[in-house]
Amino acid sequence: VQLQAFGGGLVQAGGFLRLSCAACGRTFSNYVMGWFRRAPGKEREFVAAISWSGGTIYYGDSVKGRSTLSRDNAKNTVYLQMNSLKPEDSAVYYCAASGRMSRLQRDFGSWGQGTQVTVSS
């Protein structure tokens, strides 16, 4: 499956963004969808993942309570709504697809190109 992430940008601290990831090439509903992020000088970290039907969602500790992950299987798209953004949320955000519900990068076999989020203080 091919993935394209978009929706990043520059936002002030306390603001919000909605990232989207569009998929094509395979049956979207067959995949668990996840988001990861990599900040400069840091390892890529788990952000969130959503199950095939959207009934189960995992969030990373760094975004829990401030973010909402959802998907629209009819539109082959997953959405990450991020609120109350902080400067430490600045990173390149990647969407990814997996055959299993997981928080681990190694379980995600398809990756999008990433979209930059910058939060100014």
Side-chain angles (χ1 to χ4, degrees):
V1 62
Q2 295 177 318
L3 305 173
Q4 183 173 4
F6 49 95
L10 174 64
V11 62
Q12 289 188 331
F16 63 91
L17 278 176
R18 188 174 82 156
L19 305 183
S20 300
C21 176
C24 65
R26 296 293 180 96
T27 304
F28 181 68
S29 59
N30 287 348
Y31 294 94
V32 167
M33 297 300 298
W35 286 93
F36 294 81
R37 70 184 186 185
R38 175 177 282 156
K42 295 187 177 181
E43 297 290 322
R44 189 159 57 185
E45 67 170 344
F46 172 74
V47 175
I50 188 167
S51 63
W52 304 266
S53 65
T56 300
I57 302 173
Y58 296 163
Y59 291 102
D61 290 341
S62 59
V63 302
K64 191 178 297 182
R66 300 186 295 121
S67 297
T68 301
L69 184 61
S70 62
R71 67 189 293 163
D72 185 338
N73 287 343
K75 295 183 178 179
N76 291 352
T77 303
V78 61
Y79 306 98
L80 178 65
Q81 176 75 33
M82 299 190 296
N83 302 319
S84 303
L85 284 164
K86 307 173 183 179
E88 51 264 44
D89 292 317
S90 298
V92 178
Y93 284 71
Y94 300 89
C95 63
S98 174
R100 60 187 296 178
M101 196 62 184
S102 176
R103 294 179 171 87
L104 302 177
Q105 296 181 51
R106 65 172 180 260
D107 289 332
F108 289 80
S110 298
W111 292 80
Q113 84 287 2
T115 185
Q116 176 72 50
V117 171
T118 303
V119 184
S120 63
S121 57

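Numbering of residues begins at 1 and proceeds along the displayed sequence.
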Step by step, work out the side chain to side chain contact (heavy atoms under 4.5 Å, CB included) result for Trp52 and Ser29.
-> CA-CA 5 Å; Trp52 304 266; Ser29 59; 5.7 Å; no
Could you tell me whether a side-chain N or O of Gln113 sits under 3.5 Å from a main-chain N or O of Ala5, the two making a donor and an acceptor?
-> yes
Which atom of Gly7 lies closest to which atom of Leu17, heavy atoms considered | O-CD2, 3.8 Å
Identify whether NZ of Lys or CZ of Arg in Arg44 sits under 6.0 Å from the centre of the six-membered ring of Trp111 and within 45° of that ring's axis.
-> yes
Measure the CZ-OG1 distance between Arg18 and Thr68 for me, rounded to the nearest 0.5 Å.
-> 11.5 Å
Joint hydrophobic cluster, Val11 plus Val63, side-chain heavy atoms closer than 4.5 Å = yes
Mind running ring pair (Phe, Tyr, Trp, His ring centres under 6.0 Å) on Phe108 and Phe36 for me, showing each step along the way?
-> CA-CA 10 Å; Phe108 289 80; Phe36 294 81; 5.1 Å; yes
Considering all heavy atoms, the nearest Ala97-Val1 contact | CB-CG1, 3.7 Å
Roughly how far, to the nearest 0.5 Å, is the CD atom of Gln12 from the OG atom of Ser121?
-> 9.5 Å
Over 12 foreign heavy atoms within 6.0 Å of CZ, Phe16 = no
Okay, side chain of Ser90, backbone of Val119: is any donor-acceptor separation there less than 3.5 Å?
-> yes
State yes or no: do Met33 and Met101 share one hydrophobic cluster built from I, L, V, M, F, W and Y residues joined by side-chain heavy-atom distances below 4.5 Å, directly or via other members?
-> no
Approximate separation, where rounding is to 0.5 Å, of Ser67 OG and Leu19 CG | 9.0 Å
Tell me whether the centres of the aromatic rings in Tyr58 and Phe46 are closer together than 6.0 Å.
-> no
State, to 0.1 Å, how close Ser20 and Thr77 come at their nearest heavy-atom pair, and which atoms those are.
-> CB-CG2, 4.2 Å
In terms of hydrophobic clustering (I, L, V, M, F, W, Y; side-chain heavy atoms under 4.5 Å; direct or indirect links), are Tyr59 and Val32 co-clustered?
-> no
Can you tell me how far OH of Tyr93 sits from OG1 of Thr115, rounded to the nearest 0.5 angstrom?
-> 10.5 Å
For the student: nearest non-hydrogen atoms of Leu10 and Ser120, plus distance = CD1-CB, 4.3 Å
Atom pair CD (Gln81) and CG (Leu69), whose distance is rounded to the nearest 0.5 Å | 11.0 Å
Honestly curious: do Leu80 and Ile57 fall in one hydrophobic cluster under the side-chain, below-4.5 Å linking rule?
-> yes
Side chain to side chain contact (heavy atoms under 4.5 Å, CB included) assessment of Asn76 paired with Cys24 = CA-CA 7 Å; Asn76 291 352; Cys24 65; 5.7 Å; no
More than 12 foreign heavy atoms under 6.0 Å from CD of Gln2: is that the case here?
-> no
If you round to the nearest 0.5 Å, how far is CD1 of Ile50 from CH2 of Trp35?
-> 12.0 Å
Are the side chains of Asp89 and Arg37 in touch, meaning some heavy atoms are under 4.5 Å apart?
-> yes
Evaluate the side-chain proximity of Leu3 to Tyr94: yes if any heavy-atom separation is below 4.5 Å, no if none is.
-> no
When you measure from the side chain of Arg71 to the backbone N and O of Gly54, does any donor-acceptor pair fall under 3.5 Å?
-> no
Is there side-chain contact between Val117 and Met82, with heavy atoms separated by less than 4.5 Å?
-> yes
